[in-house]
Amino acid sequence: MSKQFDVVVIGAGPGGYIAAIRAAQLGFSVACVDAWENEKGGPAPGGTCTNVGCIPSKALLQSSEHYEHAGHAFKDHGIDVSGLSLNLPQMIKRKDTVVKQNNDGILFLFKKNKVTFFHGRAAFAGAATADGYPLVISAPANETINAKQVIIATGSNARALPGADFDEKLILSNTGALAIGEVPAKLGVIGAGVIGLEMGSVWRRLGSEVTVLEGLPTFLGAVDEQIAKEANKLFTKQGLSINLGCKINKVTKGDSNVTVEYDNAKGEANTAVFDKLIVSIGRTPNTNGLGADKVGLALDERGFVAVDDDCKTNLPGVWAVGDVVRGPMLAHKAEEEGVAVAERIAGQHGHTNFNTIPWVIYTSPEIAWVGRTEQQLKADGVAYKAGTFPFLANGRARALGDTSGMVKFLADATTDEILGVHIIGPMASELIAEAVVAMEFKASAEDIARICHAHPSLSEATKEAALAIDKRTLNF
Ligand code: FAD
Ligand code: NAI
């Protein structure tokens with residue numbers, strides 16, 4: 001007889017494994033099925049985020065930043081480093097160790113929470129019966145199980161440029177970009193989005209000459225314009241060659257290089273030859289092999305699993321969360337949806353607030369934001385007030401030797417409610433949390449301006465930006 005579960009989660013990325021743990025906490029019998037394999041063919045739960053996304057990219061960003069600081073920034077602190085050299089195999093090995101720690105951590109959490117884990121690919125085998133949905137799981141698990149409730153969390157894959165399939169040797173997706181064996185002298189990046197800028201930064205810091213070719217005429221269109229302009233200036237100064245408005249015409253692979261033919265923003269024909277090419281032009285939802293057609297699971301026009309605001313699909317008892325559904329492709333968004341769905345299955349009022357999902361780009365300086373940008377407020381016809389404070393005027397930033405960037409507050413002109421906070425600067429990824437909390441509690445800029453912030457800390461720049469709304473900065 002097939003094993004029977006209250007809840008089966010397909011996919012153990014941040015959306016899936018968190019949903020499984022929350023469902024188990026709520027008293028359900030839970031299984032989680034994940035197909036990801038490590039190099040030995042064993043399970044590697046954690047999905048894109050853990051294996052080829054958030055975690056390994058941040059590990060390499062940290063290592064490459066240390067390398068760059070040792071080369072330049074330490075000197076100013078009075079630390080002379082001689083004989084500096086790069087041990088790339090060790091850097092990659094460390095990244096792999098960090099990944100494995102996270103894989104193992106998830107397997108431990110499954111055990112701790114009594115979630116049954118199956119290693120293999122799950123597919124709907126047919127319509128629901130009295131026992132629930134029958135699901136077949138491929139090798140190595142080789143099982144058929146039944147689920148009263150199914151949570152689909154199958155994630156996304158890198159989108160390839162037409163005519164330039166990923167080979168992960170010369171034309172790289174995020175997977176190959178995180179495992180280059182030798183620093184490429186010339187690295188091309190197509191797409192100046194989050195991956196392009198993060199991975200471009202890693203390899204530039206390690207010595208590559210990096211050329212980024214972006215299709216749109218604007219840089220980081222989703223980012224507040226003032227912040228994006230500052231970012232473009234800083235990244236260009238660091239040595240990233242950022243080319244906007246490029247139309248890629250042809251990508252040709254040679255034996256050891258890649259030629260990209262493109263028109264620049266002026267429409268002039270260009271040819272560039274790279275040792276490696278990263279293509280980071282967005283991601284597509286992963287519904288392959290799920291058996292969606294076997295059960296009549298509805299997909300939307302872009303191939304995402306179609307869901308309502310509560311992550312319900314068209315099938316009773318089938319839910320979907322994370323990258324495989326609409327909304328930002330972020331690990332923390334996937335996690336919030338996973339928790340909310342588990343709670344809804346338990347009859348609770350799970351909740352995801354899409355207006356307060358923070359975004360972070362882990363470049364140096366980091367870029368982080370929550371809420372609406374100034375250009376969005378203008379387009380929405382909202383009367384707003386803006387206040388900015390530069391890190392240059394923050395004592396802690398000066399002590400750190402990292403004074404680039406600013407904090408920017410946007411608040412409603414009448415009520416003073418915070419509508420958006422935008423940061424470019426040191427530790428922006430951590431600083432943004434205060435803004436998220438404030439917006440969740442519908443705080444005003446004045447609330448932040450009147451809260452005591454530790455001195456000296458970067459967070460004082462947040463308070464000062466709130467004070468700047470009423471032109472009352474104290475240190476600038
Ligand atoms: P995934 O993490 O993609 O997990 C899906 C899992 O399902 C995979 O393990 C897959 O093998 C498995 N699966 C698929 N189909 C089946 C099946 N039929 N049966 C069994 N298993 C199946 N987000 C952030 O918030 N912060 C970051 O810093 C960040 N950095 C990133 C860096 C890079 C380079 C990339 C590529 C992405 C990054 N992201 C980041 C995005 C983040 O990785 C995704 O938003 C997140 O992983 C989505 O989680 P998920 O659970 O929906 O899917
Ligand atoms: P992206 O959507 O961030 O950026 C893609 C870029 O490629 C855009 O600027 C787009 O205009 C450009 N583009 C698209 N087609 C093109 C073409 N044919 N020629 C030239 N340019 C083209 O996607 P990216 O960087 O691939 O990342 C995917 C997603 O992964 C992100 O949107 C984000 O959700 C997630 N991610 C999150 C991170 C974080 O939170 N720090 C880090 C990395 C990825």
Side-chain angles (χ1 to χ4, degrees), residues 8-19 32-37 43-58 60-61 106 118-124 135-138 141 151-159 161-162 164 173-175 177-178 189-200 212-222 243-248 260 262 278-292 320-325 327-335 337-338 357-363 366-368 429:
V8 172
V9 185
I10 306 179
Y17 90 80
I18 290 291
C32 185
V33 190
D34 191 82
W36 208 291
E37 272 185 7
T48 302
C49 177
T50 299
N51 291 295
V52 291
C54 329
I55 300 299
S57 62
K58 266 81 256 179
L60 286 186
L61 278 156
I106 294 166
F118 293 104
H119 185 207
R121 185 164 292 279
F124 286 98
L135 299 165
V136 284
I137 308 174
S138 68
I151 304 175
I152 301 167
T154 49
S156 63
N157 292 314
R159 176 184 298 139
L161 204 59
S173 71
N174 53 299
T175 303
L178 288 159
V189 178
I190 300 184
V194 198
I195 294 180
L197 293 173
E198 289 188 357
M199 296 319 301
V212 185
L213 305 174
E214 164 61 40
L216 292 177
T218 40
F219 181 61
L220 287 177
N243 304 274
L244 303 174
C246 299
K247 184 174 166 288
I248 310 295
V260 179
Y262 66 98
I278 297 174
V279 177
S280 47
I281 57 168
R283 298 178 62 82
T284 54
N286 183 11
T287 54
N288 287 347
L290 191 59
V321 301
D323 279 13
V324 79
V325 304
M329 287 185 166
L330 294 173
H332 41 283
K333 175 264 193 183
E335 291 179 11
E337 285 183 333
I357 294 176
W359 274 87
V360 179
I361 307 178
Y362 293 82
T363 42
E366 293 180 345
I367 301 170
S429 57

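Just follow the structure's listing: the first ligand is 1, and inside any ligand the first atom is 1.
Remark: among candidates Ala331, Gly53, Ala35, Gly13, the nearest residue to atom 33 (C) of ligand 1 is Gly53, based on non-hydrogen atoms. Heavy-atom proximity to atom 23 (O) of ligand 2, evaluated over Ala331, Gly282, Ser429, Cys54, is greatest for Gly282. Taking only non-hydrogen atoms, the option from Gly191, Ser280, Gly196 nearest to atom 5 (C) of ligand 2 is Ser280. If you check each of Leu60, Asp323, Val52 against atom 44 (C) of ligand 1, the one with the closest non-hydrogen atom is Asp323. Counting only non-hydrogen atoms, the option in Gly53, Ser57, Pro328, Gly215 that gets closest to atom 20 (C) of ligand 2 is Gly215. Nearest-residue assignment for atom 36 (N) of ligand 2 (options Thr284, Val189, Val194; heavy-atom criterion): Val194.
Taking 4.0 Å as the cut-off, Lys58 counts as a neighbour of ligand 1 on heavy-atom distance. No heavy atom of Ala177 sits closer than 4.0 Å to any atom of ligand 1. Residue contacts with ligand 1 do not include Val324, since none of its heavy atoms lies under 4.0 Å from the ligand. Within the structure, the closest approach of Lys333 to ligand 1 does not fall below 4.0 Å when heavy atoms are considered. Asn51 does not count as a contact of ligand 1, since none of its heavy atoms falls under 4.0 Å from the ligand.
Considering only heavy atoms from C-beta on, Val212 stays 4.5 Å or farther from Phe219 through its side chain. Counting heavy atoms from C-beta outward, Val324 and Pro285 have side chains that approach closer than 4.5 Å. Residues Asp323 and Thr48 form no side-chain contact, since every pair of their non-hydrogen atoms from C-beta on lies 4.5 Å or further apart. Side-chain contact between Ser57 and Leu178 is present, with heavy atoms from C-beta onward closer than 4.5 Å. The shortest side-chain heavy-atom distance between His332 and Pro14 does not fall under the 4.5 Å cut-off. At a threshold of 4.5 Å between non-hydrogen side-chain atoms, the residues Trp359 and Pro328 count as touching. Ile190 has its side chain within reach of Leu161: a pair of non-hydrogen atoms, C-beta onward, lies under 4.5 Å apart. Residues Asn174 and Glu198 fail the side-chain proximity criterion, which asks for heavy atoms closer than 4.5 Å.
The main-chain N or O of Asn286 is found under 3.5 Å from a side-chain atom of Thr154 such that the two form a donor-acceptor pair. Under a 3.5 Å cut-off, the side chain of Glu337 and the backbone N or O of Gly322 do form a donor-acceptor pair. In this structure, Arg159 contributes its side chain and Ile281 its backbone to a donor-acceptor pair below 3.5 Å. Although no hydrogens or angles enter the test, the distance criterion places a donor-acceptor pair under 3.5 Å between the side chain of Ser138 and the main chain of Arg121.
Looking at Gly15 next to ligand 1, an N or O pair under 3.5 Å apart turns up. Inclusion of Thr48 in the set of residues having an N or O under 3.5 Å from an N or O of ligand 1 is warranted. For ligand 2, one of its N or O atoms has an N or O atom of Met329 under 3.5 Å away. Among the atoms of Val360, some N or O lies under 3.5 angstrom from an N or O of ligand 2. Annotation: Glu198 places an N or O atom under 3.5 Å from an N or O atom of ligand 2; distance criterion only. In terms of polar-atom proximity, defined here as any N/O pair under 3.5 Å, His332 does make such a contact with ligand 1. At a 3.5 angstrom cut-off on N or O pairs, Asp34 counts as close to ligand 1. For ligand 2, the polar-atom distance check finds an N/O of Glu214 within less than 3.5 Å of one of the ligand's N/O atoms.
Expressed to the nearest 0.5 Å, how far CG of Leu61 lies from CD1 of Ile361 amounts to 11.5 Å. Distance CD1/Ile367 to OG/Ser429: 12.0 Å, rounded to 0.5 Å. For the atom pair CD1 of Ile10 and CG of Leu290, the computed distance is 5.0 Å after rounding to the nearest 0.5 Å. With values rounded to the nearest 0.5 angstrom, Ile195 atom CD1 is found 5.5 Å from Arg283 atom CZ. Considering CG of Leu216 and CG of Leu244, their distance stands at 8.5 Å, rounded to 0.5 Å.
In this structure, atom 43 (C) of ligand 2 lies nearest to the protein heavy atom Ile195 CG1, 3.4 Å. With hydrogens left out, the protein atom closest to atom 15 (N) of ligand 1 is Thr154 CG2, 3.3 Å, a heavy atom. Here the protein heavy atom with the shortest distance to atom 1 (P) of ligand 2 is Gly193 CA, 4.1 Å. The protein atom (non-hydrogen) at minimum distance from atom 49 (O) of ligand 1 is Pro14 CD, 3.3 Å. What sits closest to atom 16 (C) of ligand 2 on the protein, heavy atoms only, is Ile281 CG2, 3.5 Å. Protein heavy atom at the shortest distance from atom 19 (N) of ligand 1 is Ala122 N, 2.8 Å. The nearest protein atom to atom 20 (C) of ligand 1, hydrogens excluded, is given as Gly120 O, 3.4 Å; this is a heavy-atom distance. Protein heavy atom nearest atom 7 (O) of ligand 1, with residue, atom name and distance: Gly11 CA, 3.2 Å. Closest to atom 53 (O) of ligand 1 among all protein heavy atoms lies Gly155 CA, 3.1 Å. Residue, atom and distance of the protein heavy atom nearest to atom 29 (C) of ligand 2 are Arg283 CD, 4.0 Å. Protein heavy atom nearest atom 36 (C) of ligand 1, with residue, atom name and distance: Asn174 ND2, 3.3 Å. For atom 42 (C) of ligand 1, the nearest non-hydrogen atom of the protein is Cys54 SG, 3.8 Å.
Numbered from 1 in the order shown, with element, the atoms of ligand 2 that lie under 4.0 Å from a heavy atom of Leu216 read 11 (O). The contact set between ligand 2 and Leu330, taken as ligand atoms under 4.0 Å from a residue heavy atom, comprises 40 (O). The contact set between ligand 2 and Ile190, taken as ligand atoms under 4.0 Å from a residue heavy atom, comprises 19 (N), 20 (C). Proximity to Tyr362 (heavy-atom distance under 4.0 Å) selects the following atoms of ligand 2: 41 (N).
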Carefully, step by step, assess Asp34 and Ile106 under the rule side chain to side chain contact (heavy atoms under 4.5 Å, CB included). CA-CA 12 Å; Asp34 191 82; Ile106 294 166; over 6 Å; no

Would you please test Val325 and Lys333 for side chain to side chain contact (heavy atoms under 4.5 Å, CB included) and show each step? CA-CA 11 Å; Val325 304; Lys333 175 264 193 183; 3.6 Å; yes

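Looking at every heavy atom in both residues, Ala368 comes nearest to Val360 through CB-CG2, 4.0 Å. Taking all atoms of both residues into account, the shortest heavy-atom contact from Trp36 to His119 is O-NE2, 3.0 Å.
Heavy atoms from both the backbone and the side chain of Leu330 come within less than 4.0 Å of ligand 1. If you look at Leu161 next to ligand 2, the close heavy atoms, those under 4.0 Å, all belong to the side chain. Only the backbone of Ala153 comes within contact range of ligand 1, with a heavy atom under 4.0 Å; no side-chain atom does.
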